[in-house]
Each structure stands twice: as C-alpha cells, then as structure tokens.
Amino acid sequence: MYAIEKADAAFLLFTKREKERKKKKKKKKVERSIAPEMDNGSPGSEASGLTFMETELTLGLPGVSHCRKSGKKRGFSETVELSLGSSASVLESRDSNCKDDGSGNEIDATSRAPQTKAQVIGWPPVRSFRKTAMKTSKYVKVAVDGAPYLRKLDLETYNSYQQLMSAVNDVFGVFTICNERKLLDSVNGSEYVATYEDKEGDWMLVGDVPWKMFVESCKRLRLMKTLEAIGSGGRMSPNPKWQLLKNA
Amino acid sequence: MFLFDYSEASFAPPMANSHIGCSSREKKVELRFCMDPKRRKVDSLGSTHLSPFPDEVLERVLSLLKAHKDRSTVSLVCRDWYNAERWSRTHVFIGNCYSVSPEIVARRFPKIRSVTLKGKPRFSDFNLVPENWGADIHQWLVVFAKAYPFLEELKLKRMTVSDESLEFLASSFPNFKAISLLSCDGFSTNGLAAIATHCKNLTELDIQENGMEDNGGRWLSCFPESFTSLEVLNFSSQHSDVSFDALERLVTRCKSLKVLKVNKNVNLEQLQRLLVRAPQLTELGTGNFQQELTPHQHAELESAFRNCKNLYTLSGLWEATSLHLPVLYPACGSLTFLNLSYATLQSSDLAKLLAYCPNLRRLWVLDTVEDKGLEAVGSSCPLLEELRVFPAGPFDQDINHGVTESGFVAVSRGCRKLYYVLYFCRQMTNAAVATVVQNCPDFTHFRLCIMNPWQPDHLTGEAMDEAFGAVVKTCTKLQRLSVSGRLTDLTFEYIGKYAKNLETLSVAFAGSSDWGMQCVLAGCPKLRKLEIRDCPFGNKALLSGLEKYESMRSLWMSACNVTLNGCRLLAKEMPRLNVEVMKDDENDESQAGKVYVYRSVAGPRRDAPPFVLTL
C-alpha cells in the first residue's frame, strides 16, 4: 500500500478520533504547554487560565518538535486540511507525536515514519488562487488497445496510481480495476495492463516506481490487452513482450 | 456631538467647527476660501452666509476633489458643504458593504457614476469564512438600477456575485464601462459572456483571482465584431482556453487597448501575434512562457517585445525559464512593476533580468529566488519602493529553502526607498528586522509572515518582540502591520505605544494575554481594521475596546478566547455596532468561534445565513 493510502486512512481515523474527543471533553481551562521560554504573564493577565489555544500540530523546523497538550481545542480551528501540492502527505496521529516530546528532544526527521504535519486552515495566509495558479499540469495521451480514440489526462491532478486508474476508468468507462496496473473489461472479458512510455522511449510497466517519479518520466500511457485477452479465436503469435506482461 | 464617520463616506450630520484636513497623499488641494466658519459675512439683510460663493461654484470646486477621505472631511464642515459635496460626488467607496445600505447611499448621493464595494472580511481569502456568508451584490444592483441608471463603473472585492447579477448589470446600465472583480465568488464564465454581449461601451473587464466557475472560454467570443472600446482586459486567472482567434481579432480592433493580461493557455507564439497587434500596451500579462521555439520564432518574439516601448507593468510569465526570459530584456527599460510571482525563477535568472530593469518601483517574486536573488534585487533596484516575496510551496513541509533574514537585509541595504514589504519566510531574527528598518525607515506597510506559527528568533531562540518593536519605533509612518513568529504581550505594548499612524493590524498565533490586545486598542488612535486569529485574547480584551470599535471599520477575532456572553455584552453596550458570531458547531456552546464586529448605520443585516448569529 502506498504512503498516500496510509495517509488517507490515518487522516480519517484522526478526524474521527478528534470528533469523539471533542464531544467527550468538558469545558476546562488549558495550560499553555508550548515550549520553554514562553512568557506567562504580564500585568493584568489572568492568572490561571489559559487562555491559549491548542493545536495538535507539530510545527516548527524539522528536527524540532513541539508537543501541545491535548486539551480541548478551545478556540482553535479544528478543521484540518491535508498539505496541498505534496503527494507524500501522511498525517501523524497526535498521540504518537506527543510521545517523545515535552522535553523538546531533537528528533531526527528522517527516522520518523513518512510524515507531514496537519495543516492549520488558512495558514500560511496565501490566497487559494495562488495555490491553484502555481499548479503545473502534465497532460499525457492515454491509449487503450481497441478503442478508436485517445484521451488526455493531467497526471498532476492525481496523487497515486490508484487515483490514476480511477480516472482512466472514468474516462473510458468500461473497466474494473484489479490493481494499480491491471484493468478488466467486464464486457468482453479482456484484461488490460497499464504501460507507459518513459523519457527514454522505453515502454515500462506502470506501478514500479514512486508516483512522483512516474509523473516526471511518463510521456504517454497505453493500456495493452494481455495475452489471455486475445480470445480463443486469436491466431496471432504472441509477441514475446506479451509473455512478460502475462507474468506481471 | 459624536462624529460617526465610517466606511470612508461621512454620514454624520455636519459639525459646526471642524477643520478641513487634506489627508490625501496624491493631491493637496488648497481650499483658499472660507475654511473657518466663524468668519461669516453679514449681508444687507442681516443674515449670515458661510461663504461668498453661490452653491454652484462651491460644487464646481468640490468636484475637483477626488480622494474620498478629503470628501468625507469636506462634508463635515457645515450643511452647505455637506450638500455641495453630495451633489458633486461621482464616486463612492464603501469599505464594508454592510456598514450602509444601498438605499441610504442612493438617497445621499444622487449623481454616482462609479462604485467600489468591499464585502467579506479579509480572512475569507484564507478560507476562514464559510460559504454563503453574504456580501451579495444583487440588492445593490437593483437599487442602483433605479437610482443610477448611468452607472459606469463597478469595482468589487470579496463580494458574492452571481451570473444573474452580472446579466442584470449588463442589461440595466446602458452606459456601463468598467467592471473589476477581485477575490469574488459565485459567478461563472457565463456571467462574463453576458457582460461581453451586452455592454456596448465597455472599456474595462478586469477579472482577478476569483472563485469563478469555469465553463470554458466561449465568453470572449461574445464581444461583437463591432465592439472596439476595450482598454483593459484581464482574464489571467481563468483556467480554460479562450478562442485565440477571437482574442486576436478583439485585440486588433480595440486600438485603445492599454492593459492586456491573458491566461496560462496562451503560448509564446500566440503572444507574439498579440504583441504585434498591440505594441501600445502599457501593462502586459503574458501566458505560458515555456514553449519550444525555433530560432526564427524566438527572434520574432524578441522583436515584438522590442516594439513595446511603453510597457510599465509585466506579469504572468508562467513557467518562465532562462531560455526565453531574454526576449523580455528590450521591453524592460520602462518597467516600473514586475510581477514574477508565478514564475519559479532561480536567483541567476532574476539577477540577469533585473539588470535590464533600472526603473523598477515594484517587484513581486517567489521565494525560489532565495537570498541570492534578493541580493541581486538590492544591487539592481535602487528605486524600489515595494517588494513582495511569496512562498512557492507554502504547504510543503519538506522545504527548507526559500528566503531568510539575510535576503531581507540585503534588499534593505540596496533599496533605501522601500516603503511596502510583504515577506514570507521560514526563519527570521530580531537583529535582521532591526537592521532592515534602520535602512528603510519609511515603511508604511510592513507585512512579515514567518510561516511556522510561534517560531522564535532562529539565532537566539527569543521571541520576536524586539523585531516588531523596532518596526514601530523606527517607522513612524507605518499604516499597515502584519506580525508573526513567537510574540508576547510586549510586542503589543510596543505597538500601542509607538504605532500612532497604524490603521490595519493583522495578528495570528501571538500574544500572551488580554493585556496585549488592550494595549493596541488603547494606544493606536488611527486603528481602522483589526484582524486576529488564534490568540489568547478573551472577553476582557474584547470589551476594553467598546468605544473604539465605532471609530473602526471592523474587528475580526477567530479561534480566540472570547465567549458568547462577552459578545452579547458588547452588543448590548454598543447598539450601533453589529456583533456577529459564527459558531463552530463542534465547539463548546459558549465559545464564540468567529467574531466579526463592525459599525453600521444600516442596522443588523437582514441576509445573515443561519450560521451567523447577530447579537
């Protein structure tokens, strides 16, 4: 399972837990738990109470972590949004985050599981337009053996092979997805394998390399019928290439 | 008598003894005749006149006043002046569409030809305001259709505009000339088609950064062949293709076209053809700047740029690389505004380009240029007045590059005339900011965004209080300030103590207690807009500004510690304020999730959606 699927699952679990947690929590004052040198008072400040809002984010430069106490998220935007533009978005559950902190230990970013931090809504204050305007697009031709027309898909709009296969299915409309590279035409029973032409002109099987690398090197996509699909009437001697595909 | 001057148009009954202040920067109009109402002339019948001039003359003179602040002040002198002002005014600026109703505006100003309206609170740009919040233009248009049938110009910011409204606009105002939509939502390209089809006298169509639904580029083809009046066309934010053919014909026949900003889908070859048709352009927004060109095409493009001798503004440049940037060089001599904020340039490309832009006053870049690029800015742009550095990957956690404090300092060393800065970075130090403002004490707009909330000085680990302290102490003309990084109440003490000209303050993830906000409310006499998110300010702070809010346009507080009861108290004490609360339904019942407070003569709004509670 690719990182992004893990991310989706983790995120769903995270938000579900968050909702439950909030419902259970009673109103209580929360101590500010940020790191060290934070000032606590100034003339006139209310003593006990916190007055600070929480976030379950791990913010700060990589290697420095802050652990916020998981008090009630009073006064803080509870909606989180996945990091845009980064396909390696995995949400870390807040609990595991808090485990090793408090003392502000340096944690080697690379030794952690693939991670991202939950995003605060509306921060940094960059207009949504600017986010979408910067998106580049990578349109590639998609051919399916036997189909009369090619289609074009923007690879940049997807974050995973799974999403890509879904999109292919949406656009051609006849497939059942078997895995990240195999599709089945339920109507005529043909099986298709997804292949792509890379920058060097070689035809490769989809799914071997990390998604981003694939997007970068893919020039066009072709869904090839596998050997089994060349029905009982087929007389063509199988192309040796197909032999390989059969074992895919 | 209480002076209630809001949304930059005065609605108060005139005061007898006020002075006229000429606040506008652009025009110092000296009103030599009667300024002091005490100097009255007694005529033969024994009655007094305030001025020796008949009303018509007064109106004529006042019609020369354009700045709305001047007009507001003028209208407060006495009743005669109030009337003369209202009869001579052709443009009205309404900074908060809910501060007044269209009926009140229409009643007071009978001769309006141009309206500027701003709607939602600024934080709606960052998704902090739910959809369907309001600020719908339609009712305004309905009233204007009756009151101002000769309306010519409409500029909207953060308003909700539907296609029906655009259609209504297009068919109700025969003289309509100019429409500008910035950060609006609710419409689609179908609405644009209506404008293109029906507005025979259109000179300006400026569509920027909106939440516009894109149903294709057919709208551009709706301009009739007989239509030639266009001077400004900006569709840079549209995603789908327009018919290039239609665009080329349009550009060809609109000989007065001065501003052309196309979208990403227009390639270099097409750009060249447009430029050849419109060398008179003063503002150009290119399309995509990456395309394989033959040497001949490259030369043609360069020649087209060379022929643009009047270019002051250049933008677009999506995906520009060192390959094609040189074609711009011949056109850069007259450039005063260069917007590279959609081009992921590296420092070397920027440096080379800037060498050709000696007259640059305003520069927007992405942080891909890094500190080295900013050093080039410092050395190549001595006349620079405004710099904005946007983050290329604001939400990418893995990025460690971008610009830092040293780039900021480098710019300030070379660009001593800087007065506007917007700087997104991932690290900053107190010392650097202090140096920057020492080099450039004339800042009027200082917006620093350290992208990780609560981040301290990255060298000393201290709070960033002294940085902003230095800003407010040194920059006495400061009007707008956005703070970030780890900040205690001390920052706000400094602001309250020193920032005497501050009008707009944006605060996020900062402060230690109510005291901080109290300092600002008590200390900044010119404060008009205060927007706060995620700070530990509660009811005590909110209520300390009771009288203050009537002299401000608005207050926004979200994810702070304000409760519903606090807001209710505010609403009760100050009936002329609208106190609106949006509750986050997941939260505590008593918490006020998002609070928006603003003065209004129109009373509580009648179009509030169910999630907005008006107290």
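Proteins come first, then strands; the chains are lettered A, B, ... in the order of their sequence lines, and each starts at number 1.
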Practice item. Look at atom NZ of A:Lys138 and say whether more than 12 heavy atoms of other residues, nucleotides or ligands are closer to it than 6.0 Å. Key: yes
Check your understanding: Does atom CD of B:Glu213 have more than 12 heavy-atom neighbours, drawn from other residues, nucleotides or ligands, at distances under 6.0 Å?
Key -> no
Identify the heavy atoms of [X] and [Y] that sit nearest to each other, and give their distance.
X        : Y        : result
B:Met451 : A:Pro124 : SD-CG, 3.7 Å
A:Arg127 : B:Phe126 : N-CE2, 4.0 Å
A:Trp123 : B:Cys449 : CZ2-SG, 3.9 Å
A:Val120 : B:Arg533 : CG1-NH2, 3.1 Å
B:Asn127 : A:Ser128 : OD1-OG, 3.9 Å

Check your understanding: Does a side-chain heavy-atom distance below 4.5 Å link A:Pro125 with B:Phe424?
Key -> yes
Point to revise | Check: A:Arg130 and B:Pro394 side chains under 4.5 Å, non-hydrogen atoms | key: no
Check your understanding: Any idea which of B:Ser237, B:Ala508, B:Gly538 has the most non-hydrogen atom pairs under 4.5 angstrom with chain A?
Key -> B:Ser237
Checking [X] against chain A: side chain, backbone, both or neither under 4.5 Å from a heavy atom?
X        : value
B:Leu366 : side chain
B:Thr344 : side chain
B:Glu319 : side chain
B:Ser482 : neither
B:Phe390 : side chain

